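Note that the structure is predicted; figures quoted are calculated from it, not measured.
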Amino acid sequence: MRFPSSIFVSVSLFTAETTAALYLSTTYRSAGDQIWQGLTLLFTLVPSVLVQLTLTFIHRDLSRDRPLILLLHILQLGPIVRCLEAFCIYGSVGRVEEPYVSITRKKQMPRGGQSEEVERQVGQAEGKLFTHRAAFARTSVVQAFLGSAPQLTLQLYICVLQQGMSIGRGTLMVISLLSIVYGALRCNILAIKIKYDDYEVDVRPLAYLCIFLWRSFEIATRVVVLVLFSSVLQLWVLPVVLLNFLVFFLYPWILFWQSHSPFPENIEKTLTRVGTTIVLCMLTFLYAGINMFCWSAVQVKLSDPDLINKSQNWYRMAVYYMVRFVENASLLLLWYIYKTDIYNYICAPLLVLQLLVAYAMAIFFMLVFYQFCHPCRRLFSSTMTQGLWDCSSLLCLMCTTASPQNRPVRKEPRSTLAQKDPANSQAPDTASDTTDDMPNDTTYDMLNDTTFDTANDSNIAGGINGNFNHSVSCTA
């Protein structure tokens, strides 16, 4: 049985960030900055309450008679108690012989085109420890993107306005950044284990390193861009944030409405329809918070029984990073245009270049992870490179459709040309008759931007089905 190191890291980051935030709030109170004190406490206590609720919901404490545990959760001590309980379970393994709870069957990664299925007995202690790991993996994501990310953005904004950084604020910012990156890493691992639940997944250290570098560059760049933009255009940062948030919050609900699927009732038996709706709203709220700062590896799908989209959609990922890169570049351009005198001590063009390069580095490490370090890359129906190539081909096709020089030109009938030029009508050119007088067998489809032969019905069906292999050429 593996040592519960992930639980220890989650609780350590949670405790350290809460302690640093409470200490920093006291310094704000001593300096008379009541607004900064209130916002610091807000981004500390609200995610702490959400973490307690998440642990209580996963362990189903409301349906069990455990009043002491519920009291400790009310006192915001739930993660510490759960961590001690997990270590006690780990320490008791092997001392007392216990019957197994169930037999799990996991497939191994295919080698040579074949995959073997392995059975393993799971004891009662190991089952409890697995539940603890799953609970803390989810609470790490909640703490990271509903608490640490807003906290880091706030403290960096204060540093820009005050043109200085205290030891307490710097400590809180470092812990918050580590908490966000760790939460994003746990989100990636959680997505892999959910999508490939039938397989025995072994994540290697090199994969952890790639995810850590990918998420570090991506999240740090995003936070700095938002802070720089908000420091010069305070009134416009709220519409930008709300638009991003609402798009990702409503997107799963729009897909659910289009699928005409029944309302999910299997989340928790004790929940009513109102309670289920609240849980789903909190799930999409968290999904929007993740996508505000980075790409969410767990894609919410409300029409699925597990509420997770288990397919690997390269198009959605490519579109997200292209749009996010353009958005970051636009916000940096606006900051560069409207920057104030407080930025005279830095080289603004160099800072813009560094941020864009940092985001490009995040994309690079993401490609390295999916191409070489993903533990289940052998199960991909298509590689990351092929998916990005298909996406770029699609974008090139859209550009070809929109370009006016590639639109079909309507040819005037030959009889009209003959009426306009009576001199040429009496002496027709035999060379032109061999080409222009022949019936035109090619029809241009404005909907698909393809050409197909009208005399062959099979080609028509191929064009409608989207076969562009031989009919569209992309020119750079």
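- For the pair Leu177/Val223, no side-chain contact is recorded, criterion being any heavy-atom separation below 4.5 Å from C-beta on.
- For the pair Tyr370 and Trp314, the minimum side-chain heavy-atom distance is below 4.5 Å.
- Residues Cys376 and Val201 form a side-chain contact, since some pair of their non-hydrogen atoms from C-beta on lies under 4.5 Å apart.
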Derivation and outcome, side-chain contact (heavy atoms from CB on, under 4.5 Å), residues Val225 and Leu355
CA-CA 8 Å; Val225 169; Leu355 291 175; 4.3 Å; yes
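- Separation of atoms OH (Tyr157) and CG (Leu39) is listed at 10.5 Å; rounding is to 0.5 Å.
- Tyr287 and Phe248 have perpendicular rings, their planes meeting at more than 60° on a 0 to 90° scale where under 30° would count as parallel.
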Decide side-chain contact (heavy atoms from CB on, under 4.5 Å) for Leu41 and Leu22; before the verdict, give the C-alpha distance in whole Å, the side-chain angles of both, and the deciding distance to 0.1 Å.
CA-CA 7 Å; Leu41 290 176; Leu22 293 177; 3.8 Å; yes
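- Partner Cys281 forms a side-chain contact (heavy atoms from CB on, under 4.5 Å) with one of Thr277, Val279, Ile278 and no other, that one being Thr277.
- The shortest side-chain heavy-atom distance between Leu332 and Leu228 falls under the 4.5 Å cut-off.
- Rounded to the nearest 0.5 angstrom, Thr54 OG1 and His59 NE2 are separated by 10.5 Å.
- Heavy-atom neighbours of Lys339 NZ from other residues, nucleotides or ligands within 6.0 Å: above the threshold of 12.
- Using the six-membered ring where Trp is involved, Trp295 and Tyr321 have ring planes that are tilted, between 30° and 60° apart.
- The ring pair (Phe, Tyr, Trp, His ring centres under 6.0 Å) test with His374 singles out one residue from Tyr208, Trp214, Phe369, and that residue is Phe369.
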Do Glu327 and Arg222 pass the salt bridge (charged side-chain N to carboxylate O under 4.0 Å, His left out) test, and can you show the C-alpha distance, the side-chain angles, and the key distance before you say yes or no?
CA-CA 10 Å; Glu327 182 192 5; Arg222 180 62 175 171; 3.4 Å; yes
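- Under a 3.5 Å cut-off, the side chain of Asp304 and the backbone N or O of Asp306 do form a donor-acceptor pair.
- Residue Ile337 qualifies as enclosed at atom CD1: its count of foreign heavy atoms under 6.0 Å is above 12.
- For Trp253, the CH2 atom is densely surrounded, since the number of other residues' heavy atoms within 6.0 Å is greater than 12.
- At least one side-chain heavy atom of Trp335 sits under 4.5 Å from a side-chain heavy atom of Val352.
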Evaluate Leu154 against Trp36 for side-chain contact (heavy atoms from CB on, under 4.5 Å), listing each step before the verdict.
CA-CA 8 Å; Leu154 172 66; Trp36 303 141; 4.0 Å; yes
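- Distance check: Gln299 CD to Ile194 CD1 gives 12.0 Å after rounding to the nearest 0.5 Å.
- Of the possible donor and acceptor atoms, none in the side chain of Glu218 sits under 3.5 Å from a partner among the backbone N and O of Ala362.
- Contact detail for Ala20 and Leu172: the closest heavy-atom pair is CB-CD1, 3.9 Å.
- For the atom pair CG of Leu185 and CZ of Arg215, the computed distance is 8.5 Å after rounding to the nearest 0.5 Å.
- With hydrogens and angles left out, the side-chain atoms of Arg324 and Asn291 include no donor and acceptor closer than 3.5 Å.
- Classification of the Phe293-Phe145 ring pair by plane angle, with boundaries at 30° and 60°, yields tilted.
- When every heavy atom of Ala86 is checked against every heavy atom of Leu129, the shortest pair comes out as O-CD1, 3.5 Å.
- Using modelled atom types and a 3.5 Å distance limit, the side chains of Glu17 and Ser148 yield a donor-acceptor pair.
- Residues Thr40 and Ser25 have side chains that never bring a donor and an acceptor to within less than 3.5 angstrom of each other.
- A donor-acceptor contact shorter than 3.5 Å links the side chain of Thr27 to the backbone of Leu24.
- More than 12 non-hydrogen atoms from other residues, nucleotides or ligands lie less than 6.0 angstrom from CG of Leu350.
- Atom-to-atom distance recorded for Leu152:CG and Ser179:OG is 10.0 Å, nearest 0.5 angstrom.
- Heavy-atom neighbours of Ile35 CD1 from other residues, nucleotides or ligands within 6.0 Å: at or below the threshold of 12.
- A donor and an acceptor atom, one from each side chain of Ser176 and Gln151, are nowhere located under 3.5 Å apart.
- Residues Met292 and Phe245 approach most closely at CE-N, 3.6 Å, considering heavy atoms.
- Between Pro264 and Thr276, the closest heavy-atom pair is O-CG2, 3.4 Å.
- Between Ala297 and Lys195, the shortest heavy-atom distance links the atoms O-NZ, 3.7 Å.
- Arg169 and Cys159 make their closest contact through CD-SG, 3.1 Å (heavy atoms, listed as atom of the first residue, atom of the second, distance).
- Checked against the 6.0 Å centroid criterion, the rings of Phe229 and Tyr338 do not qualify as a close aromatic pair.
- Side-chain contact between Leu334 and Val232 is absent, with no heavy-atom pair separated by less than 4.5 Å.
- Surrounding CZ of Arg133 are more than 12 heavy atoms belonging to other residues, nucleotides or ligands, all under 6.0 Å away.
- Proximity of a side-chain donor or acceptor of Arg186 to a complementary backbone N or O of Phe136 within less than 3.5 Å is not detected.
- In this pair, Phe325 and Tyr359 present their aromatic rings tilted. The plane angle is within the 30 to 60° band.
- Few gaps surround CD on Gln163; more than 12 heavy atoms of other groups in view lie less than 6.0 Å from it.
- Using a distance-only test at 3.5 Å, with no hydrogens or angles considered, no donor-acceptor pair links the side chain of Tyr251 to the main chain of Ala288.
- For the pair Phe14 and Pro47, the minimum side-chain heavy-atom distance is 4.5 Å or more.
- One finds the OG atom of Ser140 at 13.0 Å from the CD1 atom of Ile180 (value rounded to the nearest 0.5 Å).
- By the 4.5 Å heavy-atom criterion applied to side chains, Asn244 and Val240 are counted as neighbours.
- In this structure, the side chain of Thr26 engages the main chain of Tyr23 through a donor-acceptor pair within 3.5 Å.
- Ser230 places a side-chain N or O within 3.5 Å of a backbone atom of Leu226 that can act as its donor or acceptor partner.
- Using the six-membered ring where Trp is involved, His260 and Trp257 have ring planes that are tilted, between 30° and 60° apart.
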Given the rule in the side-chain contact (heavy atoms from CB on, under 4.5 Å) test, do Val46 and Leu146 qualify, once you have shown the distances and angles that lead to the verdict?
CA-CA 8 Å; Val46 171; Leu146 298 184; over 6 Å; no
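- Heavy-atom neighbours of Arg60 CZ from other residues, nucleotides or ligands within 6.0 Å: at or below the threshold of 12.
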